[in-house]
Amino acid sequence: MKKLFQIAAALTLAASNMLNVYTVEAEPDYNDTEYWEDKCTGQVASSDRAACDAYAEFVRNQKSNLQSRLDEIESQRTAIKADLETYAAQIAGYQTQIDELQDLINTKQAEIDAKQIEIDNKQKEIDSKQKEIDETEDEVDSLREKVKSRMSNSQSSMRFNKYTDILLGASSFEDLLRIINGISAIARYDQKTMEKLVELINKLNTQKQELLAVKAEMVEVKKQMQTVKDEMEVAKNELQIQQNDLQVKQDDLIVLQAQVEVVFEAAKEKEAEMRAASAQIAADISSITARMAALAAAGELETIPTVSDSSWYFPVPGSYRSAGTWAYSSGYEHLGYDFAAAVGTPIYAVGSGVVLSSANGCSTYGGLGNMCGYQFGGAYGGGNQVHYLVVVNGSLYGIAAYHMQLGSPIASGTLLAPGTQIGNVGSSGNSSGPHCHIEIIYLGDGSEFSNYAQTWNGDLAFGAGWQGSNRKCDAGYGAPCRIRPETVFGY
């Protein structure tokens, strides 16, 4: 029995030693995409094929889940966009009403100003007529006083009949004639004075009537002005109501715009995840590999490094910068340079090389959040696009050109010289306006051109990664790594 226990203990110890010798550390889970991309990109060891196949299945499932989430986000974006359009239309309507009311108020103010001028002129006319009346009344009073004084003097010296007393006092016929002529002159003077007095009184009455008429006119003008003021007050009240309603709508619009921004950022995040999960293009990589092999067999690929131009060819002549590398103005990551130009502007190859893949089928005009591109073998949101391999200055580069015009991307397998047209500027996919988004990935020595083209696994990031997990040359990474297009095109 003791011997039996010794044998059992020995076996146990041996088994324990064997376990210690052959224990294998577990690999990271498939969420560690950087690890699995490195492991499963390029030539895959036979011992890793099963794990990489499992990772590929994981990626496919992840893509499916992400696509569902993207569809949901797109639905939210569409609904919010519809609300935004409704609110924008309502705001435009309010603004139109406000503008009309403001025009009405301005018109009424102009009428009030005109009435005020009319009132001021009437007041001046009243003041002038009052002055005329005062002057006429002074003249009438003076003349009345004169007549009154003359009558009083005549009565005191002539008793009952002044003319009889004067005539009886004549001493001769000649005196009588002289007296009669004198009396006639006095009578004519009195007559003229009385006529002048009557004339002045009539004038005074006329002036007073005119003054009353002008005052009545001014009262009417003031009534009209008050009516206009009342109308303007109504318009101002209505304007305040409209402005309050407009403010409410604008506040609602700000909330909606914030919601759109949240949804847009979510879409961007999911797009980044989709791109990161897209290690393989949707197109048949085997046909691309066969195409590259045929070019290599014909000796076409081997000549590229020897005929490559020594400088970079500018891709979009006449363009301007609409967004730079590595970030948008909002701070969101941006892995390329946007060459903005009119739709249809030619896009040229930056060096000698070959087109690896070409995606075509998206509408020329996409929009923010538009994910078109992957359906036709390209990157999510890239629209119509071309991925090509070039040699410049003896180095190997992968080039991605996005958002092309429908029908313009050059075909896969086309050999390129510097300046070969590869497509036209468009606004397809996730794009807010016509431009060509270009990414440049450094891949090493140009002598590897033929081998790389034949063994390319369809990774649209050329092994440099996507948002959040990308390799930047200026951050110290070696090939493969992303470089700023600005550094090679002189921006």
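Every heavy atom of this structure was used, including side-chain atoms; hydrogens, water molecules and symmetry mates were not.
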Trainee: Show the numbers, then the answer: is there a side chain to side chain donor-acceptor pair (under 3.5 Å) between Gln405 and Ser428?
Mentor: CA-CA 7 Å; Gln405 185 178 26; Ser428 55; over 6 Å; no

Trainee: Atom CD of Glu238 and atom CD of Gln243: how far apart are they, to the nearest 0.5 Å?
Mentor: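 The CD atom of Gln243 is 10.5 Å from CD of Glu238, to the nearest 0.5 Å.
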
Trainee: Would you say Gln454 and Ser450 are linked by a side-chain donor-acceptor pair, where the criterion is simply a distance under 3.5 Å?
Mentor: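 Checked: Ser450/Gln454 side chains pair up, N/O donor to acceptor below 3.5 Å.
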
Trainee: Do the side chain of Thr364 and the main chain of Leu406 share a donor and acceptor less than 3.5 angstrom apart?
Mentor: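 Side chain of Thr364 to backbone of Leu406: a pair is present.
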
Trainee: Determine whether Ile422 and Met404 make a side-chain contact, defined as any pair of heavy atoms from C-beta on separated by less than 4.5 Å.
Mentor: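 Contact flag for Ile422/Met404 side chains = yes.
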
Trainee: Strictly distance-based, threshold 3.5 Å: is any side-chain N or O of Thr227 a donor or acceptor partner for the main-chain N or O of Lys223?
Mentor: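 Pair found, side chain donor or acceptor close to backbone of Lys223.
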
Trainee: Do Asp474 and Trp326 pass the side chain to side chain donor-acceptor pair (under 3.5 Å) test, and can you show the C-alpha distance, the side-chain angles, and the key distance before you say yes or no?
Mentor: CA-CA 11 Å; Asp474 56 15; Trp326 300 109; 3.0 Å; yes

Trainee: Counting distance only, does the side-chain N/O of Asn384 pair as donor-acceptor with the main-chain N or O of His403 below 3.5 Å?
Mentor: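 Flag not set: sc Asn384 to bb His403 has no pair under 3.5 Å.
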
Trainee: Rounded to the nearest 0.5 Å, what's the gap from CG on Leu301 to CG on Leu389? Could you check?
Mentor: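 The CG atom of Leu301 sits 9.0 Å away from the CG atom of Leu389.
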
Trainee: When rounded to the nearest 0.5 angstrom, what distance separates CD in Gln242 from CG in Asn237?
Mentor: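 Separation between the atoms: 12.0 Å.
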
Trainee: Answer yes or no: does atom NZ of Lys229 have more than 12 heavy-atom neighbours from other residues, nucleotides or ligands under 6.0 Å?
Mentor: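 Counting other residues, nucleotides and ligands, NZ of Lys229 stays at 12 neighbours or fewer.
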
Trainee: Output the distance between atom CD1 (Ile347) and atom CZ (Phe314), rounded to the nearest 0.5 Å.
Mentor: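 It comes to 11.5 Å.
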
Trainee: Go through the steps for His387 and Tyr402 under the test ring-ring contact (aromatic ring centres under 6.0 Å, His included), then give the verdict.
Mentor: CA-CA 9 Å; His387 292 78; Tyr402 296 129; 5.5 Å; yes

Trainee: If we ignore hydrogens and angles and just use 3.5 Å, is the side chain of Tyr388 paired with the main-chain N or O of Val350 as donor and acceptor?
Mentor: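 Such a contact is found between Tyr388 side chain and Val350 backbone.
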
Trainee: Rounded to the nearest 0.5 Å, what's the gap from OG on Ser363 to CG on Asn370? Could you check?
Mentor: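 Nearest 0.5 Å value for the OG-CG distance: 8.0 Å.
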
Trainee: Decide whether Asn451 and Glu448 meet the rule of one side-chain donor and one side-chain acceptor closer than 3.5 Å.
Mentor: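 The answer is yes; a qualifying pair exists.
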
Trainee: Is the backbone of Gly366 close enough, under 3.5 Å, to the side chain of Ser427 for a donor and an acceptor to pair up by distance?
Mentor: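 Not confirmed, Ser427 side chain does not pair with Gly366 backbone.
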
Trainee: On a heavy-atom basis, which atom in Ile105 and which in Leu239 lie closest, and how many Å separate them?
Mentor: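 Nearest heavy atoms, Ile105 then Leu239: CD1-CD2, 3.7 Å.
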
Trainee: Measure the spacing between CH2 of Trp456 and CG of Leu443 and express it to the nearest 0.5 Å.
Mentor: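 Atom-to-atom, Trp456:CH2 and Leu443:CG are 11.0 Å apart.
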
Trainee: Looking at Arg471 and Gly465, would you say the former's side chain and the latter's main chain have a donor-acceptor pair under 3.5 Å?
Mentor: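 A pair under 3.5 Å: no.
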
Trainee: Once the angle between the rings of Tyr348 and Tyr313 is folded into 0 to 90°, is it parallel (under 30°), tilted (30 to 60°) or perpendicular (over 60°)?
Mentor: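 Answer is perpendicular, since the angle exceeds 60°.
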
Trainee: If we check side-chain hydrogen bond (donor to acceptor under 3.5 Å, both in side chains) with Thr325, which of these qualifies: His334, Arg484, Glu486, His437?
Mentor: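 For Thr325, the side-chain hydrogen bond (donor to acceptor under 3.5 Å, both in side chains) check succeeds only for Glu486.
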
